Amino acid sequence: MEEVPQDPRDANRSSLIGRLPLARDFPMIGYGVAVLLAVGAWYLRWVIGEGLPPGFPYLTFFPAVIFTAFFFGARPGILSAAMCGVLAWYFFIEPRNSFGLSFNSGLALAFYAFIVTVDITLIHWMQQANRRLVAERERSERLRDRSELLFSELQHRVGNNLQMVASLIALQRNRLGDEAARAALDAASHRLDLIGRVHRQLYDPGGSLLGLAAHIREVSHEVIAVAGREEIKLDFEANTDASLSPDKAIPIALVVTEALNNVLEHGLPPGVAKGHIAVTIEPRGERVAVVIEDDGKGVPQGFDPEDTNSFGLRIIRSLTESLGGEFTLVPAEKGEGAVATLTITPDGPTPDWT
């Protein structure tokens with residue numbers, strides 16, 4: 001599943017909220033802001049004067065308390081609430097310019113104290129929960145990074161071990177005198193070596209889809225390079241950007257490898273002056289086809305890969321069935337050579353093939 005790109009503004013907001021309250025290591029900054037905002041709220045209320053209806057002595061003071069508590073924490077918020085309450089009591093609650101306390105003024109002060117207490121408490125709880133969330137997120141990111149590192153190391157080691165087994169088989173091959181046994185071990189060594197090379201590049205913890213074209217291109221050039229057939233010209237063309245899951249990558253790589261090895265062994269065997277192989281990836285309705293065409297000796301008319309005893313073609317049939325695909329091998333329509341076609345269903349994203 002592809003991740004939805006994050007809006008940078010959302011990341012900035014999350015980063016800011018995660019740092020609240022600000023200036024935790026320098027509390028005097030928070031207290032200074034509390035004093036300034038309380039004085040500013042008092043001045044604004046003084047300027048407004050009688051412009052407000054009766055019963056709104058704290059209207060300009062609530063924002064100062066909430067802003068201070070939200071950005072600088074509970075203690076500066078409490079200081080701001082206390083200063084704002086005293087200033088409002090003395091200057092804007094009857095009897096003004098005194099700390100006289102009537103029933104109505106006492107009720108107004110109690111209401112103010114209740115509101116600011118609830119505001120500061122809720123903001124404090126929110127910030128505590130947010131700090132725990134940020135800490136847990138950082139811990140999860142560290143665990144994820146460690147898991148990805150360990151996973152990559154595991155895949156790398158598995159690939160190395162496969163290639164080591166291939167090397168051991170190749171050493172054992174050199175000790176055998178029977179040519180058939182040597183050929184069988186040589187083929188097994190090449191297959192294991194290829195699986196090891198592919199395996200180290202495939203898997204990631206997120207299970208990301210792989211580009212089919214890039215995967216087949218790399219495998220095709222790898223097969224020709226390992227075979228040491230510099231006289232063979234390889235052309236590659238991709239007409240779709242279909243993707244596949246990592247679980248399908250190795251079977252597809254093996255099918256392509258066996259098909260190319262079949263060309264190099266039978267269609268264009270060692271000793272030919274030159275040869276040409278074209279690998280094409282193209283859409284076929286809701287599916288995608290990997291077409292391998294050569295200008296070699298070709299195959300007889302009516303050749304059926306299902307009826308052959310070739311070990312390589314048996315491997316291809318088995319892997320194709322596991323992929324839920326189809327494999328055909330027919331003579332080329334024009335001139336000499338053969339055309340091998342592997343047809344599979346991609347995993348996505350679905351290309352626009354129309």
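Values in this document were obtained by computation on a predicted structure and should not be read as measured data.
- For the pair Glu336/Asp295, no side-chain contact is recorded, criterion being any heavy-atom separation below 4.5 Å from C-beta on.
- Residues that satisfy the side-chain hydrogen bond (donor to acceptor under 3.5 Å, both in side chains) test with Glu265, not counting sequence neighbours, are absent from this structure.
- No donor-acceptor pair closer than 3.5 Å links the side chain of Ser318 to the backbone N or O of Arg314.
- With contacts defined as side-chain heavy-atom distances shorter than 4.5 Å, the pair Asp119/Val65 does not qualify.
- Here the closest non-hydrogen pair linking Arg284 and Ala289 is CG-CB, 3.5 Å.
- Panel note: side chain Asn262, backbone Glu258; no donor-acceptor pair is recorded below 3.5 Å.
- For the atom pair Leu133 CG and Glu138 CD, the distance stands at 10.0 Å (nearest 0.5 Å).
- Between the Trp89 side chain and the Gly100 main chain, a donor and an acceptor come within less than 3.5 Å of each other.
- Residue Gly325 comes nearest to Arg287 through the heavy atom pair CA-NH2, 3.6 Å, listed as atom of the first residue, atom of the second, then distance.
- Between the CZ atom of Phe111 and the CG atom of Leu107 there is a distance of 9.0 Å, given to the nearest 0.5 Å.
- Rounding to the nearest 0.5 Å gives a distance of 12.0 Å between NE2 of His215 and NZ of Lys248.
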Can you give me every donor-acceptor pair (side chain of residues 71-86, partner residue at least two apart or in another chain, under 3.5 Å) with its distance?
none

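- Heavy-atom minimum distance, Lys297 versus His266: CD-O, 3.6 Å.
- Residues Val290 and Val256 meet the side-chain proximity criterion, which asks for heavy atoms closer than 4.5 Å.
- Residues Gly296 and Asp294 come closest through the heavy atom pair N-OD1, 2.8 Å.
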Please set out all donor-acceptor pairs under 3.5 angstrom arising from side-chain atoms of residues 226-236, sequence neighbours excluded.
| unit_1 | atom_1 | unit_2 | atom_2 | d |
| --- | --- | --- | --- | --- |
| Arg229 | NE | Glu231 | OE2 | 2.5 |
| Arg229 | NH1 | Leu264 | O | 3.2 |
| Arg229 | NH1 | Leu268 | O | 3.1 |
| Arg229 | NH2 | Glu231 | OE2 | 3.0 |
| Arg229 | NH2 | Leu268 | O | 2.7 |
| Arg229 | NH2 | Pro269 | O | 3.3 |
| Asp235 | OD2 | His276 | NE2 | 2.6 |

Practice task
Let me see the working for Phe62 and Tyr112 under ring pair (Phe, Tyr, Trp, His ring centres under 6.0 Å), right down to the final yes or no.
Solution key: CA-CA 9 Å; Phe62 284 126; Tyr112 169 81; 5.6 Å; yes

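- Nearest heavy-atom pair, Val116 versus Ala113, reported as atom, atom and distance to 0.1 Å: CG2-O, 3.4 Å.
- The backbone N or O of Ala41 lies less than 3.5 Å from a partner atom in the side chain of Thr60, making a donor-acceptor pair.
- Here Leu212 contributes atom CG and Ile344 contributes atom CD1; the two are 5.5 Å apart, rounded to the nearest 0.5 Å.
- No donor-acceptor distance shorter than 3.5 angstrom exists from the side chain of Glu237 to the backbone of Ile281, with no hydrogens or angles considered.
- A 4.5 Å side-chain heavy-atom check between Tyr31 and Val35 finds every atom pair outside the cut-off.
- Interatomic distance, Leu44 CG to Phe61 CZ, rounded to the nearest 0.5 Å: 9.0 Å.
- For the pair Ser98 (side chain) and Pro95 (backbone), a donor-acceptor distance under 3.5 Å is present.
- Between Val223 and Asn261, the closest side-chain pair of non-hydrogen atoms falls below 4.5 Å.
- Proximity of Thr341 to Phe327: side-chain heavy atoms (C-beta onward) are nowhere separated by under 4.5 Å.
- When the shell of 6.0 Å around CD of Glu333 is examined, it contains 12 or fewer heavy atoms from other residues, nucleotides or ligands.
- Residues Val330 and Val299 are not in side-chain contact: their nearest non-hydrogen atoms beyond the backbone lie 4.5 Å or more apart.
- To the nearest 0.5 Å, the span separating OG1 on Thr345 from CG on Leu323 amounts to 10.0 Å.
- Side-chain contact between Glu282 and Thr240 is absent, with no heavy atoms from C-beta onward closer than 4.5 Å.
- Relative orientation of the Trp46 and Phe91 rings is perpendicular, given thresholds of 30° and 60° on the angle between their planes.
- The two atoms that bring Leu319 and Pro251 nearest to each other are CD1-O, 3.9 Å, heavy atoms only.
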